[in-house]
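Accompanying notes for the structure given below.
Along the sequence shown, residues are numbered consecutively beginning with 1. Please read these numbers as outputs of a predicted model, since none were measured by experiment.
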Amino acid sequence: MWGCVGLAQAQTSIQERLKAIQADPVALKAAVDAGRKASFFCANCHGEEGISKQGDVPNLAGQNPAYLLEQIRKFGSGERKDAFMQGLIKVLKDEERLQIALFYAANPVPPVRTDATLAARGKVLFDKLCVRCHGEQARGHETYPRLAGQKAAYLQTTIIRYRDGTGIRNNQLMSIATSTLKNEDVQAVAAYLAQLP
Ligand code: HEC
Ligand code: HEC
């Protein structure tokens, strides 16, 4: 019980530190530069600038830093499951987590081409079911992740994990939002999101 309170407080403070650094241009530049170095190992999978070359590895470029920190925390606590990421994240200190999140967030993410018919169908679904949290352009804000330009394969797998209650990703809002999607719908939404700038 006390342990949980302690964890919650530690998390509040890392998110507050993030806001403080973002508000200070000099500190922000220093953090981004340090993040480039601290992320050298991550580059093996997520790419030098956070643009991954594998469909099942997410881009981190352009991602909301508050969301990145929250996912790092979730891997650490086991709320989000991925054997490799859970082990790796434990060795990162708070300062490195902040630097890495700010470094990736500062990089642009190039959209890719996807099937136009599929993407058009996906837009209709996105505008109906997802836009109120992820935003008009799917760029997210605060705790909502950016989805624009994300890898289509990763998006599909992730959406299905929330929908099917696999326990790999746990979020009540996402389980509800995706509950009516058929597999073809998931494919269409992913095709729409991956090509967004
Ligand atoms: C061996 C490959 C590999 C390495 C190295 C790696 N990752 Fe990952 N990472 C993954 C995979 C695969 C996922 C997606 C897991 C899933 O399916 O949920 C992931 C997911 C993530 C996510 C969640 C992104 C999102 O959109 O939700 C973050 C944040 C992350 N990694 C950060 C890091 C950091 C920071 C490092 C370096 C300290 C790192 N990763 C190194 C493979 C890797
Ligand atoms: C009520 C708010 C809400 C709605 C509506 C919503 N989402 Fe989300 N979404 C979230 C939150 C919060 C998260 C982060 C959850 C977590 O920590 O795992 C998230 C995470 C995601 C992720 C994971 C991103 C990543 O980088 O791993 C995907 C993909 C996603 N949402 C797609 C969708 C799609 C597609 C829809 C519409 C069918 C949708 N969301 C509707 C709130 C919402």
Rounding to 0.5 Å, atoms CG (D164) and OG1 (T178) come to a distance of 8.0 Å

- Any donor-acceptor N/O pair, R17 side chain to E95 backbone, under 3.5 Å: no

What one should report as the nearest heavy-atom pair of S39 and F103 is OG-CE2, 3.4 Å

Under 3.5 Å, side chain of N59 to main-chain N/O of A61, donor-acceptor pair present?
-> no

Hits for ring-ring contact (aromatic ring centres under 6.0 Å, His included) against Y144, two or more places apart or cross-chain, chain-then-number order -> H141

The reported gap from CZ in R169 to CD1 in I160 (rounded to nearest 0.5 angstrom) is 13.5 Å

Heavy-atom nearest pair, V109 first then I51, reads CA-CD1, 3.9 Å

By side chain to side chain donor-acceptor pair (under 3.5 Å), D127 pairs with (sequence neighbours left out) K123

Margin query: I'd like to know if the side chain of Q63 and the backbone of P145 have a donor-acceptor N/O pair within less than 3.5 Å.
Written below: no

Between Q99 and A38, the two heavy atoms sitting closest are OE1-CB, 4.4 Å

With sequence neighbours left out, the residues meeting side-chain contact (heavy atoms from CB on, under 4.5 Å) with D33 are K29

Residue pairs meeting salt bridge (Lys or Arg N to Asp or Glu O under 4.0 Å), one or both in residues 145-163, sequence neighbours left out, come to none

Value for CD (E79) from NZ (K81), rounded to nearest 0.5 Å, stands at 8.0 Å

* Asked: When you measure from the side chain of S52 to the backbone N and O of V57, does any donor-acceptor pair fall under 3.5 Å?
  -> yes

Residue set satisfying side chain to side chain donor-acceptor pair (under 3.5 Å) with Q54, at least two apart, ordered chain then number -> none

- prompt: Should E184 and L118 be marked as a side-chain contact (heavy atoms from CB on, under 4.5 Å) after you check the CA-CA gap, both sets of side-chain angles, and the distance that decides it?
  reply: CA-CA 9 Å; E184 310 87 88; L118 205 56; over 6 Å; no

Got a donor-acceptor contact below 3.5 angstrom from the N107 side chain to the E49 backbone?
-> yes

To the nearest 0.5 Å, atom CG of L60 lies from atom CD1 of I100 at 9.5 Å

Taking E70 first and then R97, would you say they form a salt bridge - that is, a charged N and a carboxylate O separated by under 4.0 Å?
no

Sorted by chain and residue number, the side-chain contact (heavy atoms from CB on, under 4.5 Å) partners of Q195 (sequence neighbours excluded) come out as T114, A119, Y192

